[in-house]
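Structure, as structure tokens:
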Amino acid sequence: MYLDRSKRGYQEFQRVAKIVKTICGINLVLKGYVQKAKVIQWMTYHLTRQLDLNKELLFNIHNFTKNKSERDSAKLKCLLSVLPHLRSTHETAMIQSLLRKNQAFQIMPHIVQLEVCQAAVYQQYEAKTMVVRKGHQPEACYFVLTGKLVATSSDYCSENENHLTEVLNEIQEGDLFGDAALLTNTKRPATILCETNAELLLINKEDFESILARFLQQRYSAVTDLLRSLPIFTSWTPEKLTLLSHSSLLRYSRSGAAVIPESYSSSFIVVVKSGRCDVVTNFRMDRHGTALSQSLQQKKCTMIQKDLSIQSLLEGKTKRSEKSPQRW
């Protein structure tokens with residue numbers, strides 16, 4: 001259709017067309033802005049969540065476990081501050097529940113646990129403090145609640161670290177030490193020093209003999225039988241195996257934990273009593289006797305009950321192992 005520009009209809013058409021064009025333009029601009037705004041809004045929200053995740057969480061498991069441990073520790077100290085002969089049955093039961101996570105404590109029978117809770121004495125030690133001196137008669141054994149200790153062949157404590165002789169063993173949270181010397185009624189063969197601040201539970205000699213001696217003797221007998229069944233110890237005498245079992249530490253490792261960290265040398269033999277371990281790093285010896293670490297590989301070796309983990313041992317360590325073990 002042909003429109004005459006002189007007519008009024010043509011002018012009205014131009015006006016309406018301009019309005020439609022303007023509306024369409026505004027819609028297109030708004031559409032692009034809205035889409036872009038959504039992207040910007042999402043990115044801002046995402047980055048904020050990543051940067052402030054810990055602050056925004058209503059429940060943080062790390063803070064919860066830390067605060068719970070501090071509360072449990074304070075509660076345990078308060079309960080143990082009551083003299084052993086004055087503790088009620090309820091207080092003893094509460095102490096037992098708070099000590100359940102201690103590995104050396106949790107393997108004991110229920111009645112033994114209660115008797116230990118009735119007799120235990122709480123002690124705190126600062127770092128570099130001597131707990132046991134070499135050559136002294138044993139008067140107690142100790143449960144490690146927190147901290148790390150070392151057993152050395154030195155019979156004194158010196159501020160100069162160069163004066164410290166060879167570290168015989170490391171004692172950590174969940175361990176029990178000092179019991180073997182009480183069982184055998186021999187002098188302390190090593191000095192126990194606190195490497196860090198430590199919290200201990202002390203069981204004196206009299207309570208040890210009436211509460212723990214029989215149970216621990218049975219446990220050490222079972223360890224001796226386990227060692228006797230291993231090929232590496234077939235030539236050892238019963239006396240040596242008994243001494244070796246008394247110097248051993250029974251530990252429990254969670255799934256995924258490193259039992260033996262990657263290292264070129266080790267002073268310990270680890271016997272897998274039960275469970276399974278995977279070897280993720282192998283060591284081999286070159287012709288000069290130097291340990292060479294192979295590239296990390298997922299080579300798995302199943303170690304069932306009564307297997308011996310010897311991947312951490314280097315040649316020549318067997319002779320050292322045959323020396324008389326230390327009894328704490």
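Both backbone and side-chain heavy atoms feed into the values below; hydrogens, waters and symmetry mates do not. These numbers were taken from a predicted model, which means no experiment stands behind them.
- Contacts of H110 classified as side chain to side chain donor-acceptor pair (under 3.5 Å), with partners at least two apart in sequence or in another chain: Q96.
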Test log, rule side-chain contact (heavy atoms from CB on, under 4.5 Å), inputs I171 and V144: CA-CA 8 Å; I171 306 170; V144 183; 3.8 Å; yes
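- Inter-residue side-chain proximity for P189 and K134 is flagged as unmet; no heavy-atom pair is nearer than 4.5 Å.
- Counting only distance, with no hydrogens or angles, the side chain of N197 and the backbone of A127 share a donor-acceptor pair below 3.5 Å.
- For the pair E170 and K148, the minimum side-chain heavy-atom distance is below 4.5 Å.
- Distance check: S73 OG to Y122 OH gives 5.5 Å after rounding to the nearest 0.5 Å.
- Annotation: side chain of L212 is in contact with side chain of M108 (closest heavy-atom distance under 4.5 Å).
- Between T242 and S245, the shortest heavy-atom contact is O-OG, 2.7 Å.
- What you find for A151 and A190 is that their closest heavy atoms are CB-CB, 4.4 Å.
- Listed by first and then second residue, the salt bridge (charged side-chain N to carboxylate O under 4.0 Å, His left out) pairs involving residues 217-239 are D225-R228 (not counting sequence neighbours).
- The side-chain heavy atoms of L216 and L183, taken from C-beta on, include a pair separated by under 4.5 Å.
- Under the side chain to side chain donor-acceptor pair (under 3.5 Å) criterion, T146 pairs with E199, not counting sequence neighbours.
- Under the ring-ring contact (aromatic ring centres under 6.0 Å, His included) criterion, F143 pairs with no residue at all, not counting sequence neighbours.
- Not a single donor-acceptor pair under 3.5 Å links the side chain of N185 to the backbone N or O of L182.
- Counting only distance, with no hydrogens or angles, the side chain of R87 and the backbone of C117 share a donor-acceptor pair below 3.5 Å.
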Criterion side-chain contact (heavy atoms from CB on, under 4.5 Å) on Y125 and L149, from CA distance to verdict: CA-CA 10 Å; Y125 293 88; L149 303 92; over 6 Å; no
Residue pair V121, L80: steps toward the side-chain contact (heavy atoms from CB on, under 4.5 Å) verdict: CA-CA 7 Å; V121 177; L80 291 171; over 6 Å; no
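- Under the 4.5 Å side-chain contact rule for hydrophobic residues, I111 and F105 share a cluster.
- Around atom CD of E126, no more than 12 heavy atoms belonging to other residues, nucleotides or ligands sit under 6.0 Å away.
- Using a 4.5 Å cut-off on side-chain heavy atoms (C-beta onward), V131 and Y142 make contact.
- Counting heavy atoms from C-beta on, the side chains of L145 and L76 come closer than 4.5 Å.
- Cluster annotation: I95 is not connected to V82 through the hydrophobic network of ILVMFWY side chains, with a link wherever side-chain heavy atoms come within less than 4.5 Å.
- If you chain together ILVMFWY residues whose side-chain heavy atoms come under 4.5 Å of each other, L114 ends up in a group of its own.
- Between the CD atom of E195 and the OG1 atom of T152 there is a distance of 11.5 Å, given to the nearest 0.5 Å.
- Between T196 and G147, the shortest heavy-atom distance links the atoms OG1-CA, 3.5 Å.
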Verdict with reasoning, K75 to L98, per side-chain contact (heavy atoms from CB on, under 4.5 Å): CA-CA 9 Å; K75 191 174 183 179; L98 293 172; 4.1 Å; yes
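- Here the side chain of Q124 pairs no donor or acceptor atom with the backbone of A198 at under 3.5 angstrom.
- E91 contributes a side-chain N or O that, together with a main-chain N or O of S88, makes up a donor-acceptor pair within less than 3.5 Å.
- Side chains of V112 and P109 form a contact here, defined as non-hydrogen atoms less than 4.5 Å apart.
- In terms of heavy-atom proximity, A120 sits nearest to P84 at O-CG, 4.1 Å.
- One finds the CE atom of M94 at 4.5 Å from the NE2 atom of H90 (value rounded to the nearest 0.5 Å).
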Which donor-acceptor pairs under 3.5 Å do the side chains of residues 200-209 make with protein atoms, sequence neighbours left out?
residue: N204; atom: OD1; partner: E206; partner atom: N; Å: 3.3
residue: N204; atom: OD1; partner: D207; partner atom: N; Å: 2.8
residue: N204; atom: ND2; partner: D207; partner atom: OD2; Å: 3.2

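- Between N102 and G174, the shortest heavy-atom contact is ND2-CA, 3.7 Å.
- Inter-residue side-chain proximity for R100 and Q113 is flagged as met; some heavy-atom pair is nearer than 4.5 Å.
- In the hydrophobic clustering of this structure, Y220 groups with F215; members are Ile, Leu, Val, Met, Phe, Trp, Tyr whose side-chain heavy atoms approach within less than 4.5 Å, directly or through other members.
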